[in-house]
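None of the values given here were measured: they were computed from a predicted structure. Hydrogens, waters and symmetry mates play no part in the numbers below; they use all other heavy atoms, side chains included.
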Amino acid sequence: MSKKKQKKAGGYVVATILSALWLGINYYIYYPAFNVQSTEFWDWLLVHSVVVSVIFIIFGIIGRSDIHRLKDSFRDNFKYFRHGMGRIQLVLLVGIPVFCMLVLFFGGLAGSTFFNAKRYANLMPVEQREFTEDIPESENVDNIALMDTNSARVFGNRKIGSLSDVVSQFEVENDYTQINISNKPMKVANLKYASFFKYLNNKADGIPGYVAVNPVNSDAEYVKLSEGMKYVSSGYFNHNIYRHVQMHNPTKIIEGCYFEVDDEGKPYYICPVLHARVGLFSGMDVKGAILCDPVTGDMEYYDVEDVPRWVDRVYDGDLLERKFNWYGELSGGFFNSVIGQKGCIRATDDYGYKTIDDDVWIYTGVTSVTGDASNVGFIMVNQRTSEARYYTISGAEEYSAMSSAQGAVQEKNYTASFPSLINVMGQPTYIMVLTDNGGLVKMYAMVNVEQYNLVVTAENQEELFSKYKKLLANNGGGKSDGKSEESAMKEAEIIVSEMEYITMDGETYVYMKDEAANVYKMLFAEDESVIKISVGDKVSVQYDENENGIHDLISVELIEKGAGTQKDKDTEGVLPEEKKSEGTEKKDNGSEENIDEAGKKEEPEFDENKQDQQGDTSVKSEEEQNAESEQQEKKTDEQEKNSPNVDNSL
């Protein structure tokens, strides 16, 4: 072989080696899916085919050129690409990038909404449902993740910060996954290596545990594992979870890897697998999921209908919102979505979480495409199955409700979280938390969906529900559908037998006890007119019944002053022997004294010389009677002076 041919062949060998190194290194760094439905694959192929073409052209020219005759060599190279093998090489080297660009262009065009409006609209079947049938009335919010991710980070970081052996090497991941454990919401996040060098120091043992934050009561827990997690999102090289899963499944389009734990607390990464349902690249939807054990690296693929029941996040919330927007905007066709926009709706910009039947559902409001500040309904979508439910409820959109809640405590400068939707006395209601500048939960807020000027705030859930129900009662709300009789507030007329004012956590509460030993309580600041009520009064109460017998008062109204006293007066003239069953007994000297419910004798209020005044003490103690009542009492006093002395004290 001549030196010229050897030089030419050597140029191609060098170009081949450099191209292989270039492609191998870049694939290891970016690890795209080798799938024709992936635009990332075609982008990667386009860029690197150009680079490879340039490498071959340069080294081909070098191999064919004479260093001593550069001008003639360049002229000969141009001639080389016009004929024979040179032309074939040029077509291959230049044609691959051009082909990639054509695939991207026509593949995107084939999946445009202009040609496929109906196909996009049908990607998510949406079922119309009744709000009060699907959402039971709430007495508390133990199934709603009120805490947002920012607040969860604060509690998670605080928990890890208290563990000196952990905080020196690891931090908490910023991404928390909303999951459900035993029908209770939970936010979980893995730990991450604090730096590259700390990864090198700890990669043999792996990540030692994870953080779980209860978004209802703000409890944070560090869960230490018996064996560390080697394959995590903060790992490097082959320990990176994304690289590990993708390289073992090179043809699958993997949308991401989300940290979860099963019902026994064992960690997994859930990696949804996508495919295009419209055109070549468009209408991306989940077709299955890969479950990877971060401790061992073992993984298994499941079709979407076969994913284990404990898995909560198969469909990302952003993907579900995007699918609903296709349904809401394109159901009437492409031109209607652009020009007429009749009946076009879309989800609001953010979403919250709610647990139903041990599944996590995203919740968000639905508004018209014109972008006004009101909702026409709400949608809830299951993150495991993609089941979608739509509820037609008009009212304020979430951000307006958040502003109303913040305005109620504007002097505190609190920030409202994105609200969730609950059912209170048949009324759709926003509930949210208010956080300070440090992200800590300080208060709770409720805003009526249909009348967002009805706002209450409180420092705890019990007080919040009590205040909101009273607000609804005073504004004629509650039980709008007539289907929630058992959980609706109760009404009763009672005689007040005892009253106490008790201060707790800086708030004064009123406790009332009736003759049947039922206890009712309310915050004194909610209705200061309760100060006018005394022992013995007959009142009408509206209340929420509690199993412990201490009921939450919604409202109280005075019916009759001293009704219990008048009942005692009706016993005048009855012989002492006949009143023993009503709590009296005879002494040896023939006098009587009261016996309380515990069977103990009450001490008389007056001495024996003033005992003739006992008949009217209960009457004279009432200071707030109207003029008509006072006249009646005077007549009664005159009658008592001429009648046998009977103990009428309460």
Side-chain angles (χ1 to χ4, degrees), residues 145-181 185-199 202-203 206-216 218-225 228-237 239-246 254-261 265 267-272 292 294 311-321 349-353 360 362 383 415-418 432-433 435-441:
L146 292 178
M147 181 191 296
D148 58 14
T149 300
N150 288 332
S151 297
R153 291 187 185 118
V154 173
F155 288 101
N157 290 336
R158 180 181 297 176
K159 185 65 179 180
I160 294 302
S162 65
L163 305 173
S164 59
D165 58 330
V166 176
V167 72
S168 63
Q169 300 295 312
F170 306 97
E171 299 173 355
V172 184
E173 289 277 8
N174 287 327
D175 295 329
Y176 278 75
T177 303
Q178 181 65 53
I179 65 172
N180 199 48
I181 299 178
M186 190 70 67
K187 288 182 179 289
V188 292
N190 204 354
L191 299 186
K192 66 177 182 179
Y193 297 107
S195 68
F196 174 72
F197 294 103
K198 290 179 180 179
Y199 156 75
N202 296 278
K203 66 178 182 178
I207 298 290
Y210 60 88
V211 173
V213 180
N214 188 318
V216 177
S218 303
D219 287 341
E221 178 186 7
Y222 169 66
V223 181
K224 183 176 177 58
L225 301 173
M229 294 175 279
K230 311 294 193 306
Y231 303 92
V232 293
S233 57
S234 62
Y236 293 86
F237 310 117
H239 289 142
N240 181 273
I241 185 65
Y242 307 108
R243 180 177 291 111
H244 175 73
V245 174
Q246 184 67 76
I254 297 173
E255 183 260 341
C257 294
Y258 306 105
F259 183 76
E260 284 197 36
V261 299
Y268 285 90
Y269 275 97
I270 313 301
C271 308
C292 181
V311 175
D312 293 309
R313 182 174 178 171
V314 178
Y315 290 83
D316 180 64
D318 293 335
L319 172 61
L320 294 176
E321 275 203 330
D349 296 335
D350 205 347
Y351 50 85
Y353 299 96
V360 176
I362 70 162
Q383 284 199 286
T415 301
S417 66
F418 191 82
M432 65 202 82
V433 295
T435 60
D436 61 13
N437 293 331
L440 297 178
V441 176

Legend entry - Interatomic spacing from NZ in Lys159 to CG in Asp219 - rounded to 0.5 Å: 9.0 Å
Inset, instruction - Taking the side chain as every heavy atom from C-beta outward, state whether Tyr193 and Val232 have any atom pair closer than 4.5 Å. - result: yes
Inset, instruction - Mind telling me whether Tyr351 and Tyr353 have parallel, tilted or perpendicular rings, with 30° and 60° as the class edges? - result: perpendicular
Legend entry - From CD1 (Ile207) to CG (Asn202), nearest 0.5 Å: 7.5 Å
Inset, instruction - Keeping the roles fixed (side chain from Gln383, backbone from Tyr315), state whether a donor-acceptor pair exists under 3.5 Å. - result: yes
Legend entry - Heavy-atom pair of closest approach, residues Asp175 and Ala189: O-CB, 3.7 Å
Inset, instruction - Report yes if the side chains of Pro185 and Val216 come closer than 4.5 Å at any heavy-atom pair, otherwise no. - result: yes
Legend entry - Sub-4.5 Å side-chain heavy-atom contact between Phe155 and Leu440: yes
Inset, instruction - Taking the side chain as every heavy atom from C-beta outward, state whether Lys203 and Phe237 have any atom pair closer than 4.5 Å. - result: no
Legend entry - Separation between OG1 of Thr149 and CD of Gln178, rounded to the nearest 0.5 Å: 8.0 Å
Inset, instruction - Considering non-hydrogen atoms only, spot the tightest contact between Val167 and Ile160 and give its length. - result: CB-O, 3.5 Å
Inset, instruction - Kindly say whether Asn180 contributes a backbone atom to a donor-acceptor pair with the side chain of Asp312 at under 3.5 angstrom? - result: yes
Inset, instruction - Determine the minimum heavy-atom distance between Met186 and Val213, stating which atoms define it. - result: SD-O, 3.3 Å
Legend entry - Where Ile179 and Glu260 come nearest, the two heavy atoms and their spacing: CG2-CG, 3.6 Å
Legend entry - Lys187 (side chain) donor-acceptor with Asp148 (main chain) under 3.5 angstrom: no
Inset, instruction - Answer whether the closest heavy-atom distance between the side chains of Ser233 and Tyr269 falls below 4.5 Å. - result: yes
Inset, instruction - Measure the shortest side-chain to side-chain distance between Ile241 and Cys292 over non-hydrogen atoms and say whether it is less than 4.5 angstrom. - result: yes
Inset, instruction - Please answer whether the main-chain N or O of Tyr236 pairs with a side-chain N or O of Tyr199 as donor and acceptor at a distance below 3.5 Å. - result: yes
Legend entry - Crowding at CZ, Phe197 (>12 non-hydrogen neighbours, <6.0 Å): no
Inset, instruction - Taking all heavy atoms of Pro267 and all of Leu225, pick out the closest pair and write down the distance. - result: CG-CD1, 3.8 Å
Inset, instruction - Locate the shortest heavy-atom distance separating Thr435 from Ser151; write the atom from each residue and the value. - result: CG2-OG, 3.5 Å
Inset, instruction - Would you check if the side chain of Asn240 reaches a backbone N or O of Gly235 as a donor-acceptor pair within less than 3.5 Å? - result: yes
Legend entry - Candidate list Tyr268, Tyr231, Tyr210, test ring pair (Phe, Tyr, Trp, His ring centres under 6.0 Å), partner Phe259, passing option: Tyr210
Inset, instruction - Please round to the nearest 0.5 Å and tell me the distance separating atom OG of Ser234 and atom CZ of Phe196. - result: 12.5 Å
Legend entry - Side chain to side chain, Ile270 and Arg313, heavy atoms closer than 4.5 Å: no
Inset, instruction - May I ask you to test the Asn174-Arg153 pair for a side-chain heavy-atom distance under 4.5 Å? - result: yes
Inset, instruction - Might you work through the side chain to side chain contact (heavy atoms under 4.5 Å, CB included) test for Val172 and Leu191, ending with a clear yes or no? - result: CA-CA 4 Å; Val172 184; Leu191 299 186; 4.0 Å; yes
Legend entry - N/O donor-acceptor pair under 3.5 Å between Ser417 side chain and Met432 backbone: no
